[in-house]
Student: 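Supplied in structure tokens, the structure appears directly below.
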Amino acid sequence: MKILGIETSCDETSIAIVENGTKLITSETSSSLAIHAKTGGIIPENAARQQITSIIPVLNQVLKENEFDAIAVTVGPGLIGSLLVGVETARTLSYAYKKPIIPINHLVAHIYANFIDQKKLPKFPAICLVVSGGHTDLVLMKKHKSFKYLGGTRDDAAGEAFDKTARLLNLPYPGGPSISNLAKKYKGINLNLFPRPMIRDKNFEFSFSGLKTAVYKYVKNLKITKDLQIKLSAEIQEAIVDVLISKTLLAVKKYKPKSLLLAGGVSANRRLREKIKEEIIKQNIKAELFLPNAKYSTDNAVAIASSGFFNQKISPWQKINVNPELTIMDKV
Ligand code: KG4
Ligand code: ZN
């Protein structure tokens, strides 16, 4: 079964066709990131306008010589103006091609990046850490469509912590890749300059807003030189990565899942990937680690199409509604 995935929740206009949830047939993505880099972050109105400009060219590219059996579209969470462009496109395609629509929860779809072009598929139960620009959630996935919520952030998301601290260091948006690229250059030792909030608490809650304040206080009276940017990038990254790994492995020890899945934009982070592998060996953890191909960590329609295959709940095109506030536990 071939599913056409549509993802327009934020600044990516992405359309893909995936066969049986696991095999990529084709995908096209147009990103308005360069425009948002100029404003230091996303202005929703600008993002929505770019979605309108990009959707038809991206769609035309994907539909060239390709057929599909159903349409999977992100209905939330995200920016309402951006989401509407994808949903209206899905509705029109459904009506014109007489194909069913499967509404998709964007956060659940992030997890399915781990099912694309992998040598083997994740086994259940699985612990999933979903870390994106707006969300940080730890869930136990018992099987497809069955989640237990373990915990999440009380304030800023992990990606947001990267984006906001990067801004304090005068680094370009998005902050995650900026910080990660600079941190690589750091040759000194890590001094643990910044707090690791809630790391010792035996629960699955996170808090990242204190990190932003700590970085603000640290740089307030300093000249931001290249050396300082490099050093603090390494410190910030290590603080975020330490908390994410510690809480995730606490969940793995408690629930003893067969697989551990990382997902969302922050799962592209190289240090997070390296360090979690090291810790899994050090702590003799048996769960098998799955990491998405980094290009499927960030927003993309490939994961949306895959999620559609494993969650085939069809809705008539008249009944599809966007929901910008959707959480990972909400059914769509
Ligand atoms: O999942 P995503 O593409 O969009 C949302 O659903 O939010 O995540 C975007 C977030 C941004 O905060 C960005 O800074 C972060 O993911 N990110 C990274 C990396 N690449 C993207 N954070 C750390 N390291 C990276 N390499
Ligand atoms: Zn996302």
Side-chain angles (χ1 to χ4, degrees), residues 31 33-34 36-38 40-41 129-134 136 153 155-200 206-250 260 262-283 285 289 291-298:
S31 169
L33 206 62
H36 309 304
K38 281 188 207 145
L129 173 71
V130 182
V131 265
S132 69
T136 300
T153 184
D155 39 59
D156 293 353
E160 196 176 352
F162 274 108
D163 295 338
K164 288 182 173 167
T165 52
R167 219 180 148 132
L168 294 170
L169 298 181
N170 300 335
L171 297 174
Y173 179 86
S178 300
I179 286 187
S180 164
N181 287 334
L182 278 188
K184 254 189 326 216
K185 299 187 180 152
Y186 187 57
K187 299 279 181 283
I189 47 164
N190 203 285
L191 301 172
N192 288 1
L193 287 180
F194 299 124
R196 278 126 172 94
M198 305 181 79
I199 198 164
R200 307 233 170 276
F206 302 81
S207 166
F208 290 108
S209 64
L211 177 63
K212 187 178 59 192
T213 314
V215 175
Y216 171 74
K217 283 190 182 150
Y218 192 93
V219 299
K220 202 166 59 173
N221 297 314
L222 297 178
K223 185 166 180 282
I224 311 262
T225 61
K226 187 83 188 170
D227 281 347
L228 188 69
Q229 284 177 326
I230 291 175
K231 174 174 149 186
L232 296 192
S233 289
E235 292 281 350
I236 291 165
Q237 175 172 267
E238 213 61 21
I240 297 173
V241 163
D242 279 350
V243 180
L244 292 178
I245 294 179
S246 159
K247 296 281 176 163
T248 304
L249 296 188
L250 185 68
L260 167 58
L262 302 195
V266 178
S267 73
N269 186 270
R270 284 180 39 178
R271 182 65 186 140
L272 174 63
R273 288 170 173 241
E274 269 167 31
K275 198 163 183 179
I276 201 161
K277 283 184 198 158
E278 287 167 19
E279 287 299 318
I280 283 174
I281 295 170
K282 235 190 247 170
Q283 301 185 33
I285 282 169
L289 175 67
L291 298 166
N293 182 325
K295 66 179 177 223
Y296 304 138
S297 283
T298 47

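Not measured: the values here are computed from a predicted model. For the single chain, residues carry numbers from 1 onward in sequence order.
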Student: Could you walk me through whether Ile224 and Leu168 pass the side-chain contact (heavy atoms from CB on, under 4.5 Å) test, one step at a time?
Tutor: CA-CA 9 Å; Ile224 311 262; Leu168 294 170; over 6 Å; no
Student: Would you name the heavy atoms of Asp163 and Gly175 that are closest together and state the gap between them?
Tutor: OD1-N, 2.8 Å
Student: Just wondering, more than 12 heavy atoms not from Leu222 lying within 6.0 Å of its CG?
Tutor: yes
Student: For Gly264, does its backbone N or O pair with a side-chain atom of Ser132 as donor and acceptor, under 3.5 Å?
Tutor: no
Student: When you check the gap from the basic side-chain N to the acidic O, do Lys275 and Glu278 get nearer than 4.0 Å?
Tutor: no
Student: If you take all heavy atoms of Ala239 and Leu211, which pair is closest and at what distance?
Tutor: CB-CD1, 4.2 Å
Student: Can you tell me if Thr136 and Thr153 form a side-chain donor-acceptor pair at under 3.5 Å?
Tutor: no
Student: Nearest 0.5 Å, please: how far is CG in Leu193 from CD in Glu235?
Tutor: 3.5 Å
Student: Once rounded to the nearest 0.5 Å, what's the spacing between atom CD1 of Ile230 and atom NZ of Lys226?
Tutor: 6.0 Å
Student: Taking all non-hydrogen atoms of both residues into account, name the closest pair between Ala234 and Tyr186 and its distance.
Tutor: CB-CD2, 3.5 Å
Student: Report the residues that fulfil side-chain hydrogen bond (donor to acceptor under 3.5 Å, both in side chains) with Asn269, sequence neighbours left out, ordered by chain and then residue number.
Tutor: Gln237
Student: May I ask you to decide if Asn192's main-chain N or O and Glu238's side chain share a donor-acceptor pair within less than 3.5 Å?
Tutor: no
Student: Let me confirm one number: the OG-CG distance from Ser233 to Asn181, rounded to the nearest 0.5 Å.
Tutor: 9.5 Å
Student: Starting at CG of Leu289, measure out to CG of Leu262 and round the result to the nearest 0.5 Å.
Tutor: 5.5 Å
Student: Please confirm whether the backbone N or O of Gly40 pairs with a side-chain atom of Arg167, one donor and one acceptor, at under 3.5 Å?
Tutor: yes
Student: Should Met198 and Lys247 count as side-chain neighbours, where that means a heavy-atom distance under 4.5 Å?
Tutor: yes
Student: Report yes if the side chains of Thr165 and Leu232 come closer than 4.5 Å at any heavy-atom pair, otherwise no.
Tutor: no
Student: Take Val131 and Ile240, measure what side-chain contact (heavy atoms from CB on, under 4.5 Å) needs, and give me the verdict at the end.
Tutor: CA-CA 11 Å; Val131 265; Ile240 297 173; over 6 Å; no
Student: Taking all atoms of both residues into account, what is the closest heavy-atom pair of Val266 and Ala158, and its distance?
Tutor: CG2-C, 4.1 Å
Student: Within this structure, what is the CD1-CG distance for the pair Ile245 and Leu250, rounded to the nearest 0.5 Å?
Tutor: 13.5 Å
Student: For Ser297 and Pro292, which heavy atoms make the closest approach, and how far apart are they?
Tutor: OG-CG, 3.6 Å
Student: Of all heavy-atom pairs between Lys187 and Lys184, which one has the smallest distance, and what is that distance?
Tutor: NZ-O, 4.4 Å
Student: Verify, without hydrogens or angle tests, whether Lys164 (side chain) and Ser209 (backbone) share a donor-acceptor contact under 3.5 angstrom.
Tutor: no
Student: For residues 215-245, pull every pair meeting ring pair (Phe, Tyr, Trp, His ring centres under 6.0 Å), keeping only residues two or more places apart or in separate chains.
Tutor: Phe194-Tyr218
Student: Could you tell me the separation between the CG atom of Asp156 and the CZ atom of Phe206, rounded to the nearest 0.5 Å?
Tutor: 13.5 Å
